[in-house]
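Reading through the C-alpha cells given below for one structure.
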Amino acid sequence: MDVPNNCPSPKLHTRLRLWEFADRYVFEPVDGLADLLLSVSRVNGSMNLIEELPQRGPSTNPKVQIVFGVIGVLKLAVGTYLLVISDRGCVGSYLGHAVFKVTGLRVLPCNSSLSASAEQKNVDTEFSELLDAAERTIGLYFSYDSNLTVTSQRLHELGDEFKSLPLWRQAEPRFLWNGYLLEPLIENKLHQYLLPVIQGSFQSIHAEVRSEKVNVTLIARRCTRRIGTRMWRRGADPEGYAANFVESEQIMQSKGFTASYVQVRGSMPFLWEQIVDLTYKPSFDFVRVEEAPRVLERHFHDLQKKYGAVVAVDLVNTHGGEGRLYERYAKSIEPILSEDIRFVHFDFHKICGHIHFERLSQLYDQIEDYLKKHKYFLLSDKGEKIEQQTGTARTNCVDCLDRTNVTQSMIGRKLLESQLQRIGVFGANDTVSNFQDFDANYKVLWANHGDAISTQYSGTPALKGDFVRYGKRTTQGILNDLWNALARYYLNNFADGTKQDAMDLLQGHYISSVSRDMTAPVKAGLLENYASFRLAFALILVAVMFMIISLRQARNDARHLVLSLMWAGLCIGISRYVKTNGRMFCNRPRFHQSRH
C-alpha cells in the first residue's frame with residue numbers, strides 16, 4: 001500500500017535470504033523488519049508479496065544465499081532480469097549512518113518461458129554479453145538510512161519533512177544510478193526494497209591535530225544523464241548534459257562543526273566527439289558547431305540553478321588539437337560571462353609540465369577571490385548554519401581525469417585549510433602540510449578519489465596520481481602513467497564499446513530500439529577484424545625486427561641495406577593501412593551509434 005506523507009517511511013531491508021525455486025525467486029527478510037516475502041516469477045518477472053515460503057517436496061532443493069538488497073529490475077523484450085547485491089563492504093558513515101560499497105552484483109534472469117528462434121537466440125547471446133558486463137559495474141555505493149545523492153547543504157535546506165520521505169523520493173535524479181531499474185519496484189509499491197544507489201566514490205580519513213579530532217570525507221557522485229566511457233562519451237548532449245560529469249563533496253567534521261565544499265568536473269559542454277580509430281590520439285570533431293553557444297548556455301544555466309555562481313577552469317593545451325577545443329569553449333562561453341559566470345584558462349601542460357605541479361599556485365591566485373567570495377557550507381556545533389556555499393568551481397581538461405584531479409585536490413586543500421582556521425583547529429598560518437600524518441592521509445584520500453573516477457570512465461587509475469598521493473612526481477609514478485596510458489589505448493579501442501552498451505542498457509537508453517523481433521546490429525566482422533589487427537601488428541613487429549637485423553648487417557653488405565629498406569617500406573605500408581581503416585578494427589557500441 002502507499003506510504004502516507006505524514007508517516008515515517010518504512011525501513012529498507014538490509015538482509016534477505018534468496019530462495020531459487022524452479023518457477024520463482026523468493027526474497028525472505030531476515031532483518032526482522034517485515035513478515036511478508038517477495039516472490040518474483042522466473043517465467044515472466046511478475047512480482048507479489050506472499051506470507052510464507054512455497055512448499056518444498058522431497059525433490060525440491062532450491063539454492064539459498066544471503067543478499068543485501070535489490071538494485072532493481074531490467075525489463076527487456078528478451079526477458080526480465082533482477083539485479084541483486086550479493087556482497088557488500090562498509091566503507092564509513094554519512095551523517096551518522098553506515099555507507100556500503102557494492103562488492104558483488106548478480107543478475108537473475110526471469111525469462112524461462114520464452115522460446116526463441118536461432119536468430120532470436122543470437123540476440124539473447126548479445127544481451128548476455130552486456131549483462132555479464134553489467135555484473136562487473138564498479139564504484140556503486142548505498143546507505144539504508146541516509147540519502148547519498150544530495151549534498152550536506154542541500155539536505156540541511158530541505159528540512160525534516162523532506163527527510164521523512166522514503167529515500168528514493170529524496171534522491172537527486174541526476175545521481176541516482178539505479179533510477180531506471182527501480183521503476184518496476186515503484187510500480188509494485190515495494191517500498192522496503194527501493195534502495196537508492198550512486199556511482200562514484202566514498203572515502204574518509206581521521207586525523208588528530210593538536211589534540212582535536214578531524215574527520216574528512218570525500219564523496220564523488222557521477223551524473224547518469226550522459227554516462228559512458230572515455231572515448232564514446234565526450235562533450236555534451238543537446239540538452240546540455242556533459243559527459244563524465246561528477247560532483248565531488250568534501251566534508252570536514254571537528255569540534256562539533258560540520259563544513260563542506262562542493263566542486264564539479266565535466267567534459268567541455270558543447271557538441272564534440274573523438275571516435276577511436278587505433279591512433280593514440282584520435283582527432284577531435286565538432287558536431288553542429290552553430291549549436292555550441294545554446295548547448296553551453298543550457299549547461300551553465302542548469303549549474304547556476306543547482307550551485308549558484310560558477311567559475312569554469314579550463315586546463316587544456318592552448319595549441320594543437322586541444323587548442324581547437326579551447327578556442328571553441330572560449331568563444332561559446334563569451335556571450336554568457338558575467339559576475340556569476342567566470343572563465344579561466346590555465347594551460348596545465350605548458351605551465352606545470354610533467355613535474356612542476358606546484359605551479360598550480362598560479363591558478364589559485366586567479367580564482368582565490370572567487371573562492372573566498374562564495375565560501376563554503378558550515379554548521380555550528382548546535383546544527384545552525386553559519387556559512388553557505390553560493391558558487392562552485394567547474395574544472396575540466398580533455399578527459400576530466402588527470403589534470404582535473406590534481407587541480408581539484410589543490411582547491412579542496414585550500415578550502416579545508418580555510419575551514420579549519422575558521423573553527424580554530426588551525427592557526428592563521430597553518431596548512432595541512434604542517435601536519436605530516438594528516439597531510440599524507442589527505443593526499444591518499446584525493447589520489448584514491450581520482451583513481452575511482454578515472455577507472456569508471458577510462459578503465460585505469462588516474463595519471464599523475466603520484467603527485468596527488470605523495471606531493472611530488474616519482475620515477476615509479478611516471479612508469480605507472482606509461483602503463484596506464486597503454487592500457488587505456490587498448491581498452492578504448494577493443495573493450496569500451498561493449499562497456500558503453502552495458503551502461504546504456506542499465507540506464508534505459510535502449511528502451512525504444514531493443515526488440516525481440518529485431519536482430520541486434522552485429523559487430524560487423526569484429527572477430528575477423530580483431531584477428532586482422534593482431535596479424536597486422538605482428539607483421540609490423542616482425543618487419544621492424546628484420547629491419548634492425550638487416551641494418552646491423554648493412555654496414556658490411558649492400559644487399560642487407562636494400563633488404564632493410566624493403567622491410568621499412570612494409571612497416572610503413574601496414575601502418576598506413578591500419579591508420580586508414582582503424583575504425584573498422586575497434587570495439588564500437590552496437591545498438592546505439594548516435595551520440596548527439
Side-chain angles (χ1 to χ4, degrees), residues 11-90 100-116 120-121 123-138 140-142 144 177-178 181-185 187-195 197 502 505-506 516:
K11 285 188 170 293
L12 299 177
H13 290 306
T14 60
R15 291 173 64 89
L16 300 158
R17 186 176 289 115
L18 169 61
W19 298 79
E20 299 182 44
F21 292 95
D23 62 339
R24 72 183 80 179
Y25 301 107
V26 176
F27 295 89
E28 178 189 7
V30 292
D31 49 19
L33 295 178
D35 296 326
L36 295 177
L37 292 70
L38 173 63
S39 174
V40 182
S41 170
R42 297 183 70 163
V43 177
N44 56 19
S46 61
M47 293 174 276
N48 63 289
L49 294 173
I50 58 177
E51 294 184 352
E52 57 184 21
L53 286 169
Q55 292 186 349
R56 285 167 284 168
S59 60
T60 306
N61 187 26
K63 294 181 181 178
V64 183
Q65 76 170 100
I66 295 294
V67 297
F68 302 97
V70 179
I71 281 185
V73 180
L74 183 61
K75 286 192 171 184
L76 301 171
V78 295
T80 298
Y81 300 86
L82 279 171
L83 280 77
V84 300
I85 300 170
S86 58
D87 206 356
R88 69 182 183 189
C90 186
F100 298 90
K101 181 178 182 179
V102 176
T103 55
L105 189 62
R106 188 178 169 201
V107 176
L108 305 175
C110 304
N111 55 2
S112 59
S113 70
L114 298 174
S115 58
Q120 289 167 340
K121 286 181 179 179
V123 178
D124 290 350
T125 301
E126 298 285 350
F127 280 103
S128 177
E129 183 180 355
L130 299 186
L131 292 169
D132 287 343
E135 281 188 327
R136 296 191 296 272
T137 301
I138 59 174
L140 302 181
Y141 295 82
F142 65 93
Y144 298 108
W177 180 82
N178 59 332
L181 300 173
L182 287 178
E183 289 178 6
L185 298 175
E187 291 170 4
N188 284 275
K189 301 178 181 178
L190 298 169
H191 297 287
Q192 291 186 278
Y193 295 87
L194 293 168
L195 179 63
V197 175
L505 194 70
L506 293 175
R516 192 171 180 83

| query | How far apart are the C-alpha atoms of Tyr141 and Val197, what are their side-chain angles, what is the distance that settles it, and do they pass the side-chain contact (heavy atoms from CB on, under 4.5 Å) test? | reply | CA-CA 6 Å; Tyr141 295 82; Val197 175; over 6 Å; no

Counting C-beta onward and ignoring hydrogens, is there a side-chain heavy-atom pair between [X] and [Y] closer than 4.5 Å?
{"X": "Phe27", "Y": "Val70", "answer": "yes"}
{"X": "Leu53", "Y": "Val26", "answer": "yes"}
{"X": "Asn44", "Y": "Thr80", "answer": "no"}
{"X": "Val84", "Y": "Leu16", "answer": "no"}
{"X": "Tyr25", "Y": "Ser39", "answer": "no"}
{"X": "Arg15", "Y": "Pro29", "answer": "no"}
{"X": "Val102", "Y": "Arg88", "answer": "no"}
{"X": "Glu51", "Y": "Leu36", "answer": "yes"}

| request: Evaluate side chain to side chain donor-acceptor pair (under 3.5 Å) for Tyr193 paired with Asn188, printing each intermediate quantity in order. | output: CA-CA 10 Å; Tyr193 295 87; Asn188 284 275; over 6 Å; no

Over all heavy atoms of both residues, which pair between [X] and [Y] is shortest? Give the atoms and the distance, please.
{"X": "Pro62", "Y": "Phe21", "answer": "CG-CE2, 3.7 Å"}
{"X": "Ala133", "Y": "Ala502", "answer": "CB-CB, 3.7 Å"}
{"X": "Leu12", "Y": "Asp31", "answer": "O-OD2, 4.3 Å"}
{"X": "Leu37", "Y": "Asp35", "answer": "CD1-O, 3.3 Å"}
{"X": "Leu74", "Y": "Leu506", "answer": "CD2-CD2, 4.3 Å"}
{"X": "Val107", "Y": "Leu131", "answer": "CG2-O, 4.1 Å"}

| field | Separation between CZ of Arg106 and CG of Leu82, rounded to the nearest 0.5 Å | value |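 Nearest 0.5 Å value for the CZ-CG distance: 10.5 Å.
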
| field | Working for side chain to side chain donor-acceptor pair (under 3.5 Å), residues Arg17 and Gln65 | value | CA-CA 6 Å; Arg17 186 176 289 115; Gln65 76 170 100; over 6 Å; no

| said: Apply side-chain contact (heavy atoms from CB on, under 4.5 Å) to residues Ile71 and Trp177 and explain how you reach the verdict. | reply: CA-CA 10 Å; Ile71 281 185; Trp177 180 82; 3.8 Å; yes

| query | Looking only at atom types and distance, does a side-chain atom of Glu28 sit under 3.5 Å from a main-chain N or O of Trp19, one as donor and one as acceptor? | reply | no

| field | Partner of Leu185 under side chain to side chain contact (heavy atoms under 4.5 Å, CB included), chosen from Asn178, Val73, Leu195 | value | Val73

| message | What verdict does the side-chain contact (heavy atoms from CB on, under 4.5 Å) test give for Leu38 and Leu49, after you've listed the backbone C-alpha separation in whole Å, the side-chain angles of each residue and the deciding distance to 0.1 Å? | response | CA-CA 5 Å; Leu38 173 63; Leu49 294 173; 4.3 Å; yes

| query | Can Val67 and Asp87 be said to form a side-chain contact (heavy atoms from CB on, under 4.5 Å), step by step? | reply | CA-CA 7 Å; Val67 297; Asp87 206 356; over 6 Å; no

| query | So, Arg136 and Glu129, do they make that salt bridge, N to O below 4.0 Å? | reply |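 A salt bridge is absent here (no side-chain N lies under 4.0 Å from a carboxylate O).
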
| query | Are the aromatic ring centres of Phe142 and Tyr144 under 6.0 angstrom apart? | reply |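 Between Tyr144 and Phe142, which both carry aromatic rings, the centre distance is below 6.0 Å.
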
